[in-house]
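Naming convention: chains lettered A, B, ... in sequence-line order (proteins, then strands); numbering from 1 in each chain. Computed from a predicted model, the values in this text were never measured in an experiment.
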Amino acid sequence: MVGASATAALAAVPSAAGAQPARTGEPVLAKVAFTMNGQRRELELDTRTSLLDAAREHLHLTGSKKGCDHGQCGACTMIVDGRRINACLTLAIMHQGAEITTIEGLGQPDSLHPMQAAFVKHDGYQCGYCTPGQICSGVAMLDEIKAGIPSHVTADLTAPVAVTEAEIRERMSGNICRCGAYSNIVEAMTEVAGRRA
Amino acid sequence: MRSFTYERPGTPAEAAAAVARTPEAKFIAGGTNLLDLMKLQIETPAHLVDVNGLKLDTIEPTPEGGLRVGALVRNTDLAADPRVRKDYAVLSRALLAGASGQLRNRATTAGNLLQRTRCPYFYDTAQPCNKRRPGSGCAALDGISRTLAVIGSSEACIATHPGDMAVAMRVLDATVETIDAKGAARSIPIAEFHRLPGDRPEVDTTLQAGELITAVTLPKPVAGTHIYRKVRDRASYAYALVSVAAILGKDGSGRVAFGGVAHKPWRVEAAEADLPRGAKAVTDTVFADAKPTHHNAYKLKLAERTLGAALTQARA
Ligand SMILES: Cc1cc2nc3c(=O)[nH]c(=O)nc-3n(C[C@H](O)[C@H](O)[C@H](O)COP(=O)(O)OP(=O)(O)OC[C@H]3O[C@@H](n4cnc5c(N)ncnc54)[C@H](O)[C@@H]3O)c2cc1C
Ligand code: SF4
């Protein structure tokens, strides 16, 4: 992340930082600026604000969902500096200068991302709550395979990684779907992977 | 969550000094364990020192022929590094068996070593727990303990170190490098890094307050088949019930450490000479002093069988 220069980092330090810890439980505010879906955003936030809450509550980008809020379900998955992460388990103020993509930035109803279109085609959801996280995760997951990052089911760690159903299932285990649309999700992702190859 | 102030220093010495200087301060790296625990008010720091700007995110060769892994190297990057995949496959395998793709993209080498136990009563703030609230008692002793320790535990705590990476680091004889607030560096062999609970279960490791991990050093590669086998309740995205990190030759000789069984990765070097004789010969010695509960006695058999599977894999 190029944006994390010393000066940029300073902007995220609340004026009181380092001097007095928050003894009485009063909120502490800090500034942060990052790019979300191509738009520069400057916020002053309670230091406790997760990246997920910053998007949902402060920027009104409610596509990313809050499922468990403990990194267990994947509904909050965003792509930060090219990598998928759980937005619930990271502080917004830790992302000074970051490039963040949420489901809203991947595509819109009139200009669907290929992964969004494949989910529609293959019925990769029922209630839809986990879907934004599944799609963000799936897009970044295919990039991880392309970059040659191995997984738990990769048989030979030194060989190139193939896109198989077993690979997709293992790599997507951080995204839970309570409706159990998994087989259709795998079909959607397999199709997008094939198209890219 | 308790409110906190935040700073992001630029050098390791500044970071260590910041934590030492500020009351109730903690480092934050990936945040995947600390923030989880802060949301539950199990951890309540008043000040966070963000270590992500310290430039400790590279993997460098050492003059001894090993690798020095920066404290901030993400689990994904460590697992995917071509040198690690080729020469330290047990470490790649252990990392890839842990957590999820999203979590590994954030989780760091130092944070992974310092992840806290997953004992269900540690997480349940309505229950007594000596690790969370020293002196309050241990709900696990009379509770459901199927995931907890079978060896090295105490009357005060039967929690396990839940991680996978540290088990591989133990079998590789890694060294944890730190600096303190005065800028003094020290090296801690991984065997001495995690401690047993004894009567102070609230202390997980031998790190001092404010001591910052800067790197983990791996000695030169160890030949043999590198194996990490993890047995869990589901095929992916679950903590180990038992795990085995091993580096084995065709005749079964080599070294082995066990995860999911104790407050630290469990390795008994004296038992390793028996590896060519088969799993039982080894686990009989390794677990000679085991004190399982009736819920988790199964782990002893499971450890033997998991090692047996590793030996079969190495001999194939
Ligand atoms: C749903 C879920 C499933 C998981 N499954 C697994 C699993 O199967 N296997 C597994 O091994 N792990 C698993 N994990 C745990 C995961 O591996 C850890 O959360 C992660 O490795 C912690 O790294 P971090 O950088 O995010 O640490 P943080 O949360 O940032 O920090 C953890 C601790 O380390 C301290 N710290 C961080 N950096 C330093 C440093 N440089 N020097 C000194 N102290 C430091 C912090 O103060 C804090 O106390 C899981 C986690 C979740 C949420
Ligand atoms: S086993 Fe340890 S962590 Fe679990 S309740 Fe007892 S004291 Fe707490």
Side-chain angles (χ1 to χ4, degrees), chain A residues 1 4-6 9-10 12-14 16-28 30 46-48 50 69-72 74 76-77 80 83-91 93-94 96 133 137 140-141 144 147-154 157-158 169-176, chain B residues 1-10 18 21-25 28 30-40 45-50 52-53 55 74 76-77 79-80 82 84-86 89 92-93 95-107 226 228 230 234-238:
Chain A
M1 188 178 79
S5 66
L10 270 179
V13 179
Q20 287 293 311
R23 276 189 200 297
T24 53
E26 294 153 32
V28 180
D46 187 312
T47 51
R48 290 170 288 191
S50 68
D69 214 24
H70 287 279
Q72 298 173 0
C76 66
T77 304
V80 177
R83 293 194 155 191
R84 55 178 172 157
I85 69 167
N86 301 101
C88 74
L89 281 190
T90 191
L91 297 171
I93 55 168
M94 291 171 76
Q96 177 66 29
S137 186
M141 178 273 297
E144 289 169 7
I149 293 169
S151 86
H152 176 61
V153 300
T154 307
L157 284 182
T158 55
R169 284 185 181 273
E170 161 61 25
R171 289 165 191 269
M172 290 300 298
S173 68
N175 290 85
I176 311 294
Chain B
M1 196 189 293
R2 184 184 179 189
S3 63
F4 54 83
T5 47
Y6 168 88
E7 71 182 298
R8 183 173 158 124
R21 157 180 4 104
T22 324
E24 301 179 78
I28 184 165
T32 61
N33 190 229
L34 185 57
L35 287 171
D36 191 5
L37 294 169
M38 285 168 65
K39 288 180 185 199
L40 298 164
H47 184 65
L48 287 184
V49 175
D50 183 345
N52 286 284
K55 303 182 185 69
R74 308 286 161 181
T76 298
D77 297 317
V84 177
R85 283 152 81 169
K86 181 169 149 288
S92 280
R93 289 283 180 209
L95 285 160
L96 296 171
S100 66
Q102 290 97 313
L103 288 161
R104 292 191 296 272
N105 281 343
R106 276 308 281 171
H226 284 227
Y228 189 77
K230 177 174 178 180
R234 55 183 185 211
S236 184
Y237 204 20

Checking B:Lys39 against A:Cys88 for the side chain to side chain contact (heavy atoms under 4.5 Å, CB included) test, could you report, in this order, the C-alpha distance in whole Å, the side-chain angles of both residues, the deciding distance, and whether it holds? CA-CA 10 Å; B:Lys39 288 180 185 199; A:Cys88 74; 4.0 Å; yes
Segment of A:Asp46 engaging chain B (4.5 angstrom heavy-atom cut-off): neither
Is there side-chain contact between A:Thr154 and B:Leu96, with at least one heavy-atom pair below 4.5 Å? no
List the residues meeting salt bridge (Lys or Arg N to Asp or Glu O under 4.0 Å) with B:Arg85, not counting sequence neighbours, and say none if there are none. none
Pick from A:Val153, A:Thr77, A:Val80, A:Thr158 with the largest number of heavy-atom pairs that fall under 4.5 Å of chain B: A:Thr77
Set of residues satisfying side-chain hydrogen bond (donor to acceptor under 3.5 Å, both in side chains) with respect to A:Arg171, sequence neighbours excluded: A:Glu167
Rounded distance [0.5 Å steps], OG1 in B:Thr32 versus CG in A:Asn86: 8.5 Å
Choice from B:Lys230, B:Arg234, B:Arg93, B:Lys86 maximising heavy atom contacts with chain A below 4.5 Å: B:Arg93
Which atoms of A:Pro150 approach chain B - backbone, side chain, both or neither, heavy atom under 4.5 Å: both
Tell me, side chain or backbone of B:Asn52 under 4.5 Å from chain A's heavy atoms, or both, or neither? side chain
Any side-chain heavy atom of B:Asn105 within less than 4.5 Å of one from A:Glu144? yes
Which atoms of B:Leu34 approach chain A - backbone, side chain, both or neither, heavy atom under 4.5 Å: neither
When you measure from the side chain of B:Ser3 to the backbone of A:Glu26, do you find a donor-acceptor pair of N or O atoms at a distance under 3.5 Å? yes
I want to check something: taking the side chain as every heavy atom from C-beta on, are B:Gln102 and A:Asn175 in contact at a cut-off of under 4.5 Å? yes
Please state whether the side chain, the backbone, both or neither of B:Ala79 comes within less than 4.5 Å of a heavy atom of chain A. backbone
Checking the side chain of B:Tyr237 only, and the main-chain atoms of A:Met172 only, is there a donor and an acceptor separated by less than 3.5 Å? no
Is it the backbone or the side chain of B:Asp50 that comes under 4.5 Å from a heavy atom of chain A, or both, or neither? side chain
Could you tell me which non-hydrogen atom of A:Leu89 sits nearest to which non-hydrogen atom of B:Asp36, and how far apart they are? CD2-N, 3.8 Å
Select one option (side chain, backbone, both, neither) describing which atoms of A:Thr90 are under 4.5 Å from chain B's heavy atoms. both
Can you give me the closest heavy-atom contact between B:Ser236 and A:Glu170, atom names plus distance? OG-OE1, 2.9 Å
Between atom CZ of B:Arg104 and atom CD1 of A:Ile149, what is the distance when rounded to the nearest 0.5 Å? 9.5 Å
If you measure from OG1 on A:Thr47 to OH on B:Tyr6, what distance do you get to the nearest 0.5 Å? 10.0 Å
Non-hydrogen side-chain atoms of A:Arg83 and B:Arg74 separated by less than 4.5 Å: yes
